[in-house]
Peer 1: 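My structure is below; once you've seen it, I'll send some questions.
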Amino acid sequence: MTVNIGVIGTGLIGQDHIRRLNMMLAGSAVVAVSDADNERAREVADRVGARVLPTGLDLINDPDVDAVVVASWGPTHEEFVLAAIESGKSVFCEKPLATTQSACQRIVSAEQEHGKRLVQVGFMRRYDAAYLALKEATDSGEIGAPLLMHCAHRIPQVADNFTSEMAINDAAIHEFDMVRWIFGSEVVGVRVFAPRHNRNSRPELLDPLFIILEMDSGALVDIEVSANIRYGYDIRGEIVGELGTASLENSSALEIRSAFQARTQVPGDWQARFSQAYDSELRDWISGIETGVSPKGPSSWDGYAATCIADAALEALQSGNSVAVNLESRPTFYDS
Ligand code: NAP
């Protein structure tokens, strides 16, 4: 069986997912694309032998499209995800699920009314081999109960339109989802500090940011987001437990030791660091569609929770205060 996919948004990650769905994964083919930039959509469609549809809604309602990938700009996600749910089609939505808490809640409600989970959110770290090993080590109890986690999200260089808010909404949102998943508990409070400024950044960009999350277990998580650290794309995480620690190792395969030195490589960007995780998340999504099983990956509820934390972090950045994260109680629909 081949699952016919429609992709909305043929920008950076949309093109990457199209390549993956056509070339890397068995059982899927991209048959239609749509983009606000029609020329870009045409160029991509011609390359992969797909049709261009005028709008995302046309694509969702097209009878030849079995399932939908939403990889357009964040503020467009709500409309497309709601339309996919209404048409009963599975939808893989890049993060963020939607840009406001109320939009995420509308998606969560629509999915429950539909009666079956249809939405998977692109929090790919849950599929990354190193993070999976970190979760397994934590769950095994070997390091005891987790007390602290130190995270770093280091980006070598960002574009001129990257803002301090995007360091939270676009970058740290991955850590917000990851810590909920690894700790198996919710974030209840957040505080954000802007330390000494990196001279490589524009004066108005707060870089780095240092975020502290308070978990409902009492554990604390700190997240450094550096936007212009130049040396590489470096994603780090270390959990401190009662009996030991567990930390992510660099994803580089090779370390050279010579002349009293150890040398290894640091990835250049998110595509290099997380390519295996992007493959795995889409493989899991496709196999769920083939077997008729609801997606097991990050759900609409996880998308809602991450957006609530991001909103609290934005408020904390503005006020300088600790801000509470108040989630609705999780519907049993999202238990499994
Ligand atoms: P991008 O390169 O700017 O591509 C987004 C594309 O969507 C652009 O071609 C844009 O057209 C198009 N678009 C905007 N409004 C649209 C609409 N109403 N209908 C159809 N297409 C529309 O951005 P990107 O980096 O690929 O990011 C896309 C999404 O993926 C974002 O939500 C981002 O946060 C997420 N993302 C996730 C990861 C991850 O690690 N999981 C990594 C990168 C990006 P115009 O340029 O004409 O506006």
Side-chain angles (χ1 to χ4, degrees), residues 6-21 32-45 47 50-62 65 68-84 91-100 103-104 107 119-128 131 153-155 158-163 165-178 181 225 227 233 235 251 267-282 284-285 297-298 302-303 306-307 310:
V7 177
I8 304 172
T10 53
L12 205 54
I13 202 158
Q15 291 188 38
D16 212 30
H17 285 336
I18 289 170
R19 177 187 57 77
R20 196 163 265 125
L21 289 161
V33 301
S34 165
D35 195 289
D37 181 338
N38 200 49
E39 246 176 66
R40 181 181 293 151
R42 168 62 52 206
E43 193 259 309
V44 172
R47 222 185 310 140
R51 288 182 301 138
V52 178
L53 294 173
T55 69
L57 295 181
D58 295 324
L59 180 145
I60 290 163
N61 293 315
D62 190 278
V65 169
V68 179
V69 170
V70 176
S72 48
W73 190 44
T76 64
H77 291 185
E78 178 191 7
E79 181 188 17
F80 296 142
V81 173
L82 286 174
V91 53
F92 178 92
C93 179
E94 260 312 332
K95 60 84 185 163
L97 173 63
T99 46
T100 65
C104 291
I107 292 172
V119 183
Q120 179 168 329
V121 182
F123 287 128
M124 76 294 177
R125 291 191 185 188
R126 295 184 183 215
Y127 290 89
D128 176 70
Y131 273 111
H153 190 137
R154 298 186 182 141
I155 304 168
V158 292
D160 282 348
N161 62 1
F162 189 90
T163 62
E165 289 72 26
M166 287 164 78
I168 290 171
N169 274 338
D170 256 27
I173 196 163
H174 282 292
E175 271 82 10
F176 300 159
D177 178 67
M178 177 274 295
W181 168 65
V225 182
Y233 181 81
I235 298 296
S251 63
D269 58 28
W270 47 271
Q271 283 151 309
R273 169 63 183 83
F274 286 111
S275 62
Q276 168 269 314
Y278 294 121
D279 289 351
S280 300
E281 67 177 354
L282 286 178
D284 194 38
W285 179 60
D302 297 315
T307 294

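One-based numbering, in listed order, for ligands and for the atoms of each. This chain uses plain numbering: 1 for the first residue, then up along the sequence. No experiment lies behind these values; they were computed from the predicted model shown. These values consider heavy atoms only, across backbone and side chains, with no hydrogens, waters or symmetry-generated copies.
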Peer 1: Examine distances only and state if a side-chain atom of T307 and a backbone atom of A98 form a donor-acceptor pair shorter than 3.5 Å.
Peer 2: yes

Peer 1: With backbone taken as N, CA, C and O and side chain as the heavy atoms from C-beta onward, which portion of W270 lies under 4.0 Å from ligand 1: side chain, backbone, both, or neither?
Peer 2: side chain

Peer 1: Looking at I8, which atoms of ligand 1 are within less than 4.0 Å of one of its heavy atoms?
Peer 2: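 Those qualifying, in numeric order: 20 (C).
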
Peer 1: Going through the distances and angles, do E281 and H17 end up as a side chain to side chain contact (heavy atoms under 4.5 Å, CB included)?
Peer 2: CA-CA 11 Å; E281 67 177 354; H17 285 336; 3.9 Å; yes

Peer 1: Nearest protein heavy atom to atom 41 (N) of ligand 1: under 4.0 Å?
Peer 2: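 Under the 4.0 Å cut-off, atom 41 (N) of ligand 1 does have protein heavy-atom neighbours.
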
Peer 1: Which heavy atom in A310 sits nearest to a heavy atom in N169, and how many Å separate them?
Peer 2: CB-OD1, 3.9 Å

Peer 1: Tell me the protein heavy atom at minimum distance from atom 4 (O) of ligand 1, and give that distance in Å.
Peer 2: G11 CA, 3.3 Å

Peer 1: Looking just at side-chain N and O atoms, do D284 and Y127 make a donor-acceptor pair shorter than 3.5 Å?
Peer 2: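 Per modelled atom types, D284 and Y127 side chains form a pair under 3.5 Å.
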
Peer 1: Looking only at non-hydrogen atoms, find the nearest pair between L57 and E79 and report the distance.
Peer 2: CD1-OE2, 3.3 Å

Peer 1: Kindly say whether F123 contributes a backbone atom to a donor-acceptor pair with the side chain of H174 at under 3.5 angstrom?
Peer 2: no

Peer 1: On a heavy-atom basis, I'd like to know which of E94, K95, Q15, E39 is closest to atom 32 (O) of ligand 1.
Peer 2: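 Nearest option to atom 32 (O) of ligand 1, by heavy atoms: K95.
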
Peer 1: What atoms of ligand 1 come within less than 4.0 Å of a heavy atom belonging to G122?
Peer 2: 41 (N)

Peer 1: With atoms numbered from 1 as shown, which atoms in ligand 1 lie under 4.0 angstrom from a non-hydrogen atom of W73?
Peer 2: 7 (O), 14 (C)

Peer 1: Got an N/O contact under 3.5 Å between R40 and ligand 1?
Peer 2: yes

Peer 1: Looking only at heavy atoms of G56, does any of them come nearer than 4.0 Å to an atom of ligand 1?
Peer 2: no

Peer 1: So, R125 and Y131: side-chain donor and acceptor under 3.5 Å apart, yes or no?
Peer 2: yes

Peer 1: What I want to know is whether I13 and ligand 1 share at least one N or O pair that is separated by under 3.5 angstrom.
Peer 2: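 N/O-N/O distance under 3.5 Å: yes.
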
Peer 1: Can you name the nearest heavy-atom pair linking L53 to A32, along with the distance?
Peer 2: CD1-CB, 3.9 Å

Peer 1: Which option out of S72, A71, S34 puts a heavy atom nearest to atom 31 (C) of ligand 1?
Peer 2: S72

Peer 1: Given I107 and H77, is the side chain to side chain contact (heavy atoms under 4.5 Å, CB included) satisfied, shown in steps?
Peer 2: CA-CA 10 Å; I107 292 172; H77 291 185; over 6 Å; no

Peer 1: Do any N/O atoms on L12 end up under 3.5 angstrom from N/O atoms on ligand 1?
Peer 2: yes

Peer 1: Tell me, which protein residue and heavy-atom name are nearest atom 18 (N) of ligand 1, and how many Å apart are they?
Peer 2: T76 CG2, 3.5 Å

Peer 1: Which ligand 1 atoms are under 4.0 Å away from a heavy-atom of M124?
Peer 2: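 What qualifies from ligand 1 is 40 (O), 41 (N).
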
Peer 1: Tell me the protein heavy atom at minimum distance from atom 11 (O) of ligand 1, and give that distance in Å.
Peer 2: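 Protein heavy atom at minimum distance: D35 OD1, 3.0 Å.
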
Peer 1: Among F274, Y278, F80, which one puts a heavy atom closest to atom 19 (N) of ligand 1?
Peer 2: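 Ranked by closest heavy atom to atom 19 (N) of ligand 1, first place is F80.
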
Peer 1: Please lay out, stage by stage, how I8 and I60 fare under the test side chain to side chain contact (heavy atoms under 4.5 Å, CB included).
Peer 2: CA-CA 9 Å; I8 304 172; I60 290 163; 3.9 Å; yes

Peer 1: List the closest protein heavy-atom neighbour of atom 47 (O) of ligand 1: residue, atom name, distance to the nearest 0.1 Å.
Peer 2: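 In this structure, atom 47 (O) of ligand 1 has D37 CB, 3.6 Å as its nearest protein heavy atom.
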
Peer 1: So, are D170 and K95 salt-bridged, with charged N and O less than 4.0 Å apart?
Peer 2: yes

Peer 1: Taking a cutoff of less than 4.0 Å between a non-hydrogen atom of the residue and any ligand atom, is P96 in contact with ligand 1?
Peer 2: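 A heavy atom of P96 does come that close to ligand 1.
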
Peer 1: When you measure from the side chain of D35 to the backbone of T10, do you find a donor-acceptor pair of N or O atoms at a distance under 3.5 Å?
Peer 2: yes

Peer 1: Distance under 4.0 Å to a non-hydrogen atom of H77: what atoms of ligand 1 satisfy this?
Peer 2: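 Counting atoms of ligand 1 from 1, those under 4.0 Å from H77 are 32 (O).
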
Peer 1: Hey, looking at atom 21 (N) of ligand 1, which of A171, A36, G14 has the closest heavy atom?
Peer 2: A36

Peer 1: Taking 4.0 angstrom as the limit and counting only heavy atoms of H174, give me the atoms of ligand 1 inside it, by number and element.
Peer 2: 39 (C), 40 (O), 41 (N)

Peer 1: Using the rule given for side chain to side chain contact (heavy atoms under 4.5 Å, CB included), can you reason through M124 versus S280, listing the C-alpha separation, both sets of side-chain angles and the distance that settles it, and then say yes or no?
Peer 2: CA-CA 8 Å; M124 76 294 177; S280 300; over 6 Å; no

